[in-house]
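In what follows, a structure is listed as structure tokens, so that the remarks can point back to it.
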Amino acid sequence: MEFKAVRGTKDILPDTVKVWQYIEGKAKKILECYGYQEIRTPIFEETNLFVRGIGETTDIVSKEMYTFLDKKGRSLTLRPEGTAPVVRAYIEHRLDTRGSPIRLYYFGPMFRYERPQAGRQRQFWQLGIEVLGTSHPSIDAEVIDMTMYLLQELGLNELEVQINSVGCGVCRPRYKEALIRYLSPFFKDLCKSCKEKLSRNPMRILDCKVCFDLKISSPVMIEFLCDRCKDHFEGVKEYLDMLEVTFILKPHLVRGLDYYTNTCFEIIDKNLGAQDAVCAGGRYDGLVEEFGGKPTPAFGASAGIERIIVALEKQGVDVPSSTKVDVYFATIGSRVKKKVFSLVKDLRKKDISTIFEWNDKSLKASLREANRLRSRFVVIIGDTELNRNQAILKDMETGEQKEISLSGLVNVISNLLRRGCK
RNA sequence: GUGGGCGUAGCUCAAUUGGUUAGAGCGAAGGACUGUGGAUCCUUAGGUUGGGGGUUCAAAUCCCCUCGCUCACCCCA
């Protein structure tokens with residue numbers, strides 16, 4: 001085989017597309033029900049947007065971006081995440097002037113150059129949610145509740161919400177100091193990469209599975225929160241309780257993107273492997289300002305569609321069946337085909353999905369094909385029927401068939417379908 | 001980027017452990033039924049055994065390289 005989908009990418013074939021449509025459909029319905037509006041941003045951006053937004057030392061920026069120069073020599077990057085572009089658009093189009101807060105969502109592919117694994121691809125789709133313009137803790141709870149609700153509605157029920165606070169510019173530095181003070185005596189016990197992290201970004205050590213033992217008794221961020229962060233975090237927990245969202249406090253939970261402040265959360269699915277987060281996010285109160293906008297608090301979340309699909313499969317969730325054909329034309333001979341071809345459009349104009357094949361198949365083959373396509377009706381026309389301006393209408397569920405006049409065909413079929421034969 | 005496992009028809013898997021012509025089920029096409037689907041039976045098509053090199057009288061099988069898939073680390077959705 002000469003060409004293949006490139007490493008880390010996948011074709012979504014018709015059988016699977018129905019799952020995607022199912023997820024998209026439910027997501028759109030639920031998000032709009034919560035008052036969220038869709039936004040679509042370009043798939044690539046200026047490289048610096050991500051470097052500044054996500055953070056230069058993060059893995060995403062330092063080794064996972066698809067960056068290229070265009071013909072004018074501009075450095076562009078295929079978006080590795082959706083928050084930075086949305087924030088850019090928010091500032092660029094002054095979305096703050098349309099009332100506050102603004103509730104947005106998006107759905108689209110992201111790109112990261114990583115080694116593919118269960119639940120991890122190089123092109124993957126995210127459903128993202130961003131609320132800009134409010135620091136109220138109820139928003140944090142609203143988004144977590146909404147994503148939980150969506151995941152549950154899709155059919156997942158082995159979920160767990162984990163939350164933590166990563167503090168702010170005031171309290172985080174104090175915590176980092178304490179963490180470094182605690183870890184330094186154990187320097188020799190840290191794994192290679194954590195040794196480097198200690199001075200650069202000590203909080204990421206908490207994410208390391210190798211150095212797990214050390215962190216068990218390490219100081220935790222929530223004990224160092226400043227009054228504002230503490231109040232906020234207490235508020236989030238209170239609102240989650242009010243919405244009856246059960247959550248687990250994970251004092252070691254941190255995020256891999258630098259823009260997060262205060263609340264952060266993950267929703268994991270217990271049926272998944274190592275990559276078990278189906279949704280994650282948090283507050284990013286400093287990002288709008290970082291990009292040159294007015295100080296604007298914000299909260300966001302994103303869900304990995306492929307992971308949701310894997311989780312749905314593992315749980316054996318039955319996805320509603322895909323589209324189905326209403327009418328299949330089984331015509332015999334080219335004389336008939338020429339005469340009848342235009343009828344097909346009349347049906348389609350009435351919203352009746354119709355298939356007509358020009359190539360000569362045996363009647364048996366045509367019916368087999370109609371059956372495979374799960375067509376509701378088959379219209380059979382040969383010379384005998386055409387000479388009398390008739391057609392045979394076959395009901396594929398009951399197997400019954402009757403003759404009807406060609407001129408009345410469209411109306412008869414459309415009435416039958418309307419009566420619930422669909 | 002590192003490590004483990006695995007690459008055989010479209011799909012799921014066989015091939016007596018190195019033995020000559022690589023098989024089966026599902027799927028596809030056709031037929032039994034010359035103008036009637038799904039069930040049954042029959043027939044047919046479909047393979048450079050991922051690719052390249054090597055060892056051997058002989059390689060799907062052993063060795064090396066390479067590509068890919070997969071799982072884990074790392075990281076993250």
Side-chain angles (χ1 to χ4, degrees), chain A residues 1-10 13 15 54 57-64 80-83 107-129 147 151 191-194 196-197 201 204-205 207-211 253-257 260 264-269 272-281 300-311 328 330-333 336 360-385 392-401:
Chain A
M1 205 176 306
E2 198 175 355
F3 294 114
K4 281 175 159 178
V6 307
R7 190 163 160 79
T9 68
K10 275 199 175 108
L13 302 176
D15 285 349
I54 301 168
T57 62
T58 59
D59 280 28
I60 293 178
V61 169
S62 63
K63 49 193 188 197
E64 295 175 1
E81 60 100 47
T83 300
F107 188 87
M110 307 295 161
F111 306 85
R112 290 181 202 171
Y113 190 89
E114 294 183 275
R115 189 91 171 247
Q117 193 190 324
R120 197 170 72 186
Q121 292 167 225
R122 290 181 174 178
Q123 176 179 333
F124 60 99
W125 288 63
Q126 283 189 336
L127 168 66
I129 294 137
T147 51
L151 294 169
C191 71
K192 208 174 93 201
S193 67
C194 284
E196 287 163 26
K197 286 180 198 160
N201 200 339
R204 285 238 182 78
I205 294 176
D207 228 4
C208 179
K209 287 175 190 171
V210 182
C211 304
L253 183 68
V254 290
R255 312 263 64 232
L257 292 81
Y260 283 112
C264 67
F265 80 100
E266 263 180 31
I267 299 175
I268 61 138
D269 186 294
L272 264 30
Q275 314 299 327
D276 60 355
V278 288
C279 180
S302 60
I305 306 303
E306 288 85 352
R307 287 185 189 177
I308 292 175
I309 290 173
V310 172
Y328 186 96
T331 49
I332 302 151
V336 174
D360 274 318
K361 271 184 190 172
S362 68
L363 185 55
K364 177 201 272 289
S366 293
L367 280 160
R368 212 185 353 246
E369 181 67 6
N371 189 60
R372 194 187 356 253
L373 294 166
R374 298 193 299 153
S375 183
R376 187 64 183 76
F377 295 103
V378 171
V379 171
I380 301 169
I381 309 172
D383 280 320
T384 336
E385 289 75 27
I392 296 170
L393 181 66
K394 183 180 177 95
D395 182 320
M396 291 296 275
E397 261 169 39
T398 62
E400 285 167 17
Q401 51 188 57

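The shown structure was predicted, so the numbers you read here are calculated from the model rather than taken from an experiment. Lettering follows sequence order; numbering is per chain, from 1.
- By the salt bridge (charged side-chain N to carboxylate O under 4.0 Å, His left out) test, K63(A) is found to be paired with D59(A), residues two or more places apart in sequence or in another chain being considered.
- The C1' atoms of G50(B) and C67(B) are separated by 7 Å, rounded to the nearest whole Å.
- When each of V278(A) and G273(A) is assigned the nucleotide of RNA chain B with its nearest heavy atom, G273(A) is the one assigned upstream, toward the 5' end.
- OP1 or OP2 of G37(B) lies within a sub-4.0 Å distance of a side-chain N or O belonging to K364(A).
- On a pure distance criterion of 3.5 Å, a polar donor-acceptor pair joins the side chain of R120(A) and the base of C74(B).
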**Request:** Can you run through RNA chain B from 5' to 3' and write each base as (, ), [, ], | or . depending on how it pairs? Watson-Crick or G-U wobble, both distances under 3.5 Å.
**Result:** (((((((..((((.....[...)))).(((((.......))))).....(((((..]....))))))))))))....

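- Residues satisfying the side-chain contact (heavy atoms from CB on, under 4.5 Å) criterion with Q123(A), sequence neighbours excluded, are T9(A), P109(A), F111(A), W125(A).
- For the P atom pair drawn from A14(B) and G25(B), the interatomic distance equals 16 Å after rounding to whole Å.
- Shown here are the side chain to side chain donor-acceptor pair (under 3.5 Å) partners of E385(A), two or more places apart in sequence or in another chain: there are none.
- Across T384(A), V379(A), I380(A), V378(A), a single residue satisfies side-chain contact (heavy atoms from CB on, under 4.5 Å) together with I392(A), and that is I380(A).
- Annotation: side-chain contact (heavy atoms from CB on, under 4.5 Å) contacts of A365(A) (sequence neighbours excluded): K361(A), S362(A), R368(A).
- Shown here are the salt bridge (charged side-chain N to carboxylate O under 4.0 Å, His left out) partners of R120(A), two or more places apart in sequence or in another chain: E114(A).
- Going from the C1' atom of C62(B) to that of U56(B) covers 10 Å, rounded to whole Å.
- By the salt bridge (charged side-chain N to carboxylate O under 4.0 Å, His left out) test, E266(A) is found to be paired with R255(A), residues two or more places apart in sequence or in another chain being considered.
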Please list, for nucleotides 26-30 of chain B, all pairs of protein and nucleotide N/O atoms separated by less than 3.5 Å.
{"from": "A28(B)", "atom 1": "OP1", "to": "R372(A)", "atom 2": "NH1", "distance (Å)": "2.5"}
{"from": "A29(B)", "atom 1": "OP1", "to": "R372(A)", "atom 2": "NH2", "distance (Å)": "2.9"}
{"from": "G30(B)", "atom 1": "OP2", "to": "R368(A)", "atom 2": "NH2", "distance (Å)": "3.1"}

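- The salt bridge (charged side-chain N to carboxylate O under 4.0 Å, His left out) check on E369(A) picks up R372(A), with sequence neighbours excluded.
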Anything under 3.5 Å between a protein N or O and an N or O of nucleotides 65-70 of chain B, put it in a table, one pair a line.
{"from": "C69(B)", "atom 1": "OP2", "to": "R7(A)", "atom 2": "NH1", "distance (Å)": "2.5"}

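- In this structure, T147(A) has no side chain to side chain donor-acceptor pair (under 3.5 Å) partners at least two apart in sequence or on a different chain.
- Taking D383(A) as the reference, R335(A) meet the side chain to side chain donor-acceptor pair (under 3.5 Å) condition, with sequence neighbours excluded.
- Between the base of G38(B) and the side chain of E397(A) there is no donor-acceptor pair shorter than 3.5 Å.
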